[in-house]
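Data first, discussion second: the structure below is written as structure tokens.
Quantities reported herein were computed from a predicted structural model and do not represent experimental measurements. If you read the sequence from its start, that first residue is 1, and numbering goes on from there.
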Amino acid sequence: MRPTLLALFALAACAGHTPSPSLVWHDEFDGPAGASFDRAKWVADTGGQGFGNQEREFYTTRAENVALDGDGHLVITARVAPSSPAHQCWYGACRYTSTRLKTKGLFAQTYGRFEARIRIPRGQGMWPAFWMLGADIDSIGWPRSGEIDIMENIGREPAIAHGTLHGPGYSGAGGIGRADTLSRAAYADDFHVFAVTWQPNEIRWYVDGREYHHMTPADLPHGTKWVFDHPFFLLLNLAVGGGWPGDPDASTTFPQQMVVDYIRVYRDPQSTDSRP
């Protein structure tokens with residue numbers, strides 16, 4: 001083949017090449033067994049005020065509720081609460097303890113790919129979640145700040161994971177989402193990768209690389225606003241009880257664990273507005 005043709009083929013190949021997303025934030029949870037979470041990456045919510053959902057747990061940062069396992073995982077453990085005057089919840093003496101972490105004030109990003117490999121707990125009343133909130137929540141409030149739920153599961157639905165958007169006019173029970181259902185077994189049986197890809201005017205949800213939900217401004221209720229155009233921070237928590245999952249019952253065993261292998265955030269090379 002003549003040199004000029006080779007050059008043309010090379011240029012065509014370069015023009016058709018799409019750059020891979022670049023990793024901009026991650027936590028691989030490496031460290032010795034019993035070590036706490038990385039406070040350079042995460043801050044913790046604590047207390048038992050129900051967090052707007054009538055949850056039953058008291059969130060702590062104690063090692064019995066959150067620690068590395070020494071094998072590259074973060075383990076959030078929900079336990080029956082010990083009798084203690086330090087654990088007072090909105091309904092009285094707290095029944096359970098757990099952990100809720102967030103990157104608020106440490107990391108937020110507009111657009112990209114956000115993913116985590118997680119093995120969720122099981123049992124009635126368990127409510128694990130990997131999600132995002134608008135970084136302007138303190139100034140404009142929820143739901144105007146927006147919420148992107150990458151993964152939620154409620155224990156009475158062991159084979160179902162939910163992906164949902166919340167914003168002004170479509171929040172709480174009116175959030176717009178879709179459920180992904182495993183063809184067999186339960187999500188608690190193994191690790192799964194939960195992810196969203198977020199671009200201007202488009203969000204897609206995935207489980208193990210398989211897309212199951214897609215939203216654009218056209219999918220919102222008439223007259224409502226798309227608010228997913230500014231930085232969001234990450235949250236990771238294991239709630240117990242609440243208005244959606246209901247409380248644990250006699251079938252629920254404790255402790256229950258949410259085991260996180262990694263969390264990774266990529267900048268989408270096709271989104272010019274991406275920024276950490």
Pairs under 3.5 angstrom only: tabulate donor-acceptor contacts from the side chains of residues 159-167 to other protein residues two or more places apart or in another chain.
unit_1, atom_1, unit_2, atom_2, d
His162, NE2, Glu157, OE1, 2.8
His166, ND1, Gly172, N, 3.1
His166, NE2, Asp149, OD2, 3.0

Per the salt bridge (Lys or Arg N to Asp or Glu O under 4.0 Å) rule, what does the pair list look like for residues 130-147, sequence neighbours excluded?
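Every pair satisfying salt bridge (Lys or Arg N to Asp or Glu O under 4.0 Å) with a residue in residues 130-147: Lys104-Asp138.
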Which residue pairs pass the salt bridge (Lys or Arg N to Asp or Glu O under 4.0 Å) test with at least one member in residues 21-38, sequence neighbours excluded?
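Those involving residues 21-38 are Glu28-Arg264.
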Can you name the residues that form a ring-ring contact (aromatic ring centres under 6.0 Å, His included) with [X], not counting sequence neighbours?
| X | answer |
| --- | --- |
| Trp42 | Trp25 |
| Phe51 | Tyr59 |
| Phe194 | Tyr187 |
| Phe130 | none |

Going by the disulfide (SG to SG under 2.5 Å) test, which pairs reach into [range], not counting sequence neighbours?
| range | answer |
| --- | --- |
| residues 154-250 | none |
| residues 82-148 | Cys89-Cys94 |
| residues 126-240 | none |

Taking [X] for the side chain and [Y] for the main chain, is one N or O donor matched with an acceptor at less than 3.5 Å?
| X | Y | value |
| --- | --- | --- |
| Arg79 | Asn65 | no |
| Asp261 | Ile118 | no |
| Glu211 | Tyr206 | no |
| Gln109 | Tyr266 | yes |
| Tyr170 | Leu220 | no |

Among Tyr262, Phe191, Phe37, exactly one meets ring pair (Phe, Tyr, Trp, His ring centres under 6.0 Å) together with His73. Which residue is that?
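Testing His73 for a ring pair (Phe, Tyr, Trp, His ring centres under 6.0 Å) against Tyr262, Phe191, Phe37 leaves exactly one candidate, Phe191.
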Please confirm whether Phe254 and Tyr96 have ring centers closer than 6.0 angstrom.
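Ring centres of Tyr96 and Phe254 closer than 6.0 Å.
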With the 4.5 Å side-chain cut-off for hydrophobic clustering, are [X] and [Y] part of the same group?
| X | Y | answer |
| --- | --- | --- |
| Phe232 | Val265 | yes |
| Val43 | Ile263 | no |
| Ile154 | Trp131 | no |

By side-chain hydrogen bond (donor to acceptor under 3.5 Å, both in side chains), which residues pair with Thr46, not counting sequence neighbours?
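Partners of Thr46 under the side-chain hydrogen bond (donor to acceptor under 3.5 Å, both in side chains) test: none.
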Pro32: side-chain contact (heavy atoms from CB on, under 4.5 Å) partners, not counting sequence neighbours
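With sequence neighbours excluded, Pro32 shows a side-chain contact (heavy atoms from CB on, under 4.5 Å) to Ala35, given in chain and number order.
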